[in-house]
Amino acid sequence: MKKLLLALTVLFGLNAQAQKDTTKLGSKLLKKATAVLPKSGSGTTGLSTEEIVSGLKEALSVGAKNSATKLSSLDGFFANAAIKVLMPPEAKKVESTLRAAGMGDLVDKAILSMNRAAEEASKSAAPIFVDAIKTMSIQDALGILKGADTAATSYLKGKTTPALTAAFKPVIDAALQKTDATKYWKTVFDTYNKLPTTFKKVNSDLSGYVTEKALYGMFFQVSEEEKKIRKDPAARVSDILKKVFGS
């Protein structure tokens, strides 16, 4: 009888301990599960969808405005090796031929005037970008937040390129006239086409080329601004940017 009572005591003791351990384990699992559950009305970041959309719209607006300001300043394109507008590939032979003939100054003036045109056109870019940013959806914002370092720039490029090109080109045309780029371009190619060694005449679309390069430079600069906002706390100039990109 004593042995039976001892065995029952041990059995109940083990069962009680097992229940206690199970309760502890369950409590730990519950805490872990609760920690990763999204808050009401928010995504897994703990931010509300309104905050995410607002933060990303502001990030794009800040990046676009900063880019436009930098690129529209004197030498914004010309002094930036990453986006400087150079002679197009099909005109490389023209450039080398004219430089070899002692007409390098003429080529340099043509290149400078193209960059001045891109800088002039950049002044009108920010409002166009900002108008496009207003249409960002919740799905777009969530995808951008979880995307690569330049996801917002890619979104902006996909949404604005056709309309931006159409709006940008007249500005480029006017800027090319204002900076004498058209005159230098015509002089360069007229000179090249008249050389006795020229058998294939060149007639490049200056306006289309400079527009393309100006847009490339603008998106490149916006991507640099976006990367700064994502990685550098000092670039988050508002509370919403700090909250969205700091979480």
Side-chain angles (χ1 to χ4, degrees), residues 31-73 76-77 80 82-83 118-172 211-247:
K31 287 181 179 178
K32 288 183 178 180
T34 304
V36 298
L37 285 175
K39 296 179 181 179
S40 177
S42 70
T44 55
T45 61
L47 297 166
S48 70
T49 52
E50 291 80 7
E51 287 174 323
I52 292 172
V53 173
S54 177
L56 288 170
K57 284 185 176 181
E58 181 159 347
L60 275 174
S61 296
V62 169
K65 289 174 183 176
N66 287 347
S67 298
T69 299
K70 288 180 180 179
L71 297 186
S72 62
S73 62
F77 271 84
N80 188 335
I83 58 174
E119 291 159 9
E120 180 72 18
S122 296
K123 296 175 182 178
S124 65
I128 298 171
F129 281 136
V130 171
D131 284 343
I133 291 165
K134 293 176 182 178
T135 65
M136 182 186 292
S137 69
I138 292 173
Q139 289 75 18
D140 292 330
L142 290 173
I144 291 169
L145 186 64
K146 298 174 183 177
D149 287 347
T150 58
T153 304
S154 296
Y155 162 83
L156 192 61
K157 187 175 182 179
K159 290 288 184 180
T160 65
T161 295
L164 195 60
T165 301
F168 223 54
K169 197 170 184 299
V171 181
I172 288 286
T211 298
E212 178 186 341
K213 299 302 289 184
L215 290 175
Y216 168 80
M218 182 61 67
F219 285 123
F220 175 86
Q221 191 61 47
V222 171
S223 72
E224 293 296 294
E225 294 292 328
E226 179 185 355
K227 285 186 279 189
K228 281 200 303 186
I229 290 173
R230 286 183 183 269
K231 296 180 178 180
D232 183 3
R236 299 166 195 158
V237 294
S238 69
D239 290 338
I240 189 63
L241 288 180
K242 293 172 184 175
K243 189 170 185 179
V244 170
F245 291 97
S247 61

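In this chain, residues are counted from 1 in sequence order.
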ask   = Any idea which heavy atoms bring T150 and S223 closest together, and the distance?
value = CG2-CB, 3.7 Å
Least distance between heavy atoms, D140 atom then S137 atom = OD2-OG, 2.9 Å
message = Rounded to the nearest 0.5 Å, what separates atom CG in L71 from atom CG in N80?
response = 7.5 Å
side-chain contact (heavy atoms from CB on, under 4.5 Å) partners for S124, two or more places apart = F168, V171
message = Show the nearest heavy-atom pair for residues K57 and K134, with the distance to one decimal.
response = NZ-O, 3.1 Å
inquiry  = The criterion is side-chain contact (heavy atoms from CB on, under 4.5 Å); which residues satisfy it with F220, sequence neighbours excluded?
reply    = A82, I83, Y216, E224
request  = May I have all residue pairs that pass salt bridge (Lys or Arg N to Asp or Glu O under 4.0 Å) and include part of residues 152-163, sequence neighbours excluded?
outcome  = none
Distance in Å, L215 CG paired with T165 OG1, rounded so as to fall on 0.5 Å steps = 4.5 Å
message = So which atom in A121 and which in I172 form the shortest heavy-atom distance, rounded to 0.1 Å?
response = CB-CD1, 3.4 Å
request  = Could you walk me through whether E226 and D149 pass the side-chain contact (heavy atoms from CB on, under 4.5 Å) test, one step at a time?
outcome  = CA-CA 7 Å; E226 179 185 355; D149 287 347; over 6 Å; no
task = Output, in order, the C-alpha distance, side-chain angles, deciding distance and verdict of side-chain contact (heavy atoms from CB on, under 4.5 Å) for V130 and K65.
result = CA-CA 9 Å; V130 171; K65 289 174 183 176; 4.1 Å; yes
task = Check the pair I144, M136 against side-chain contact (heavy atoms from CB on, under 4.5 Å), reporting the backbone distance first and the verdict last.
result = CA-CA 10 Å; I144 291 169; M136 182 186 292; 3.8 Å; yes
ask   = Does the pair F129 and L60 meet the rule for a side-chain contact (heavy atoms from CB on, under 4.5 Å), with working shown?
value = CA-CA 8 Å; F129 281 136; L60 275 174; over 6 Å; no
task = For the pair S72 (side chain) and K123 (backbone), establish whether a donor and an acceptor sit closer than 3.5 Å, ignoring hydrogens and angles.
result = no
task = Give, for atom CG of L156 and atom CZ of F219, the distance between the pair rounded to the nearest 0.5 Å.
result = 5.5 Å
remark   = Between the CE atom in M218 and the OG atom in S122, the distance rounded to the nearest 0.5 Å is 3.5 Å
remark   = Output for pair (I138 CD1, E50 CD), nearest 0.5 Å, gives 6.5 Å
inquiry  = Main chain of A68, side chain of Q221: is a donor-acceptor contact present, judged purely on distance under 3.5 Å?
reply    = no
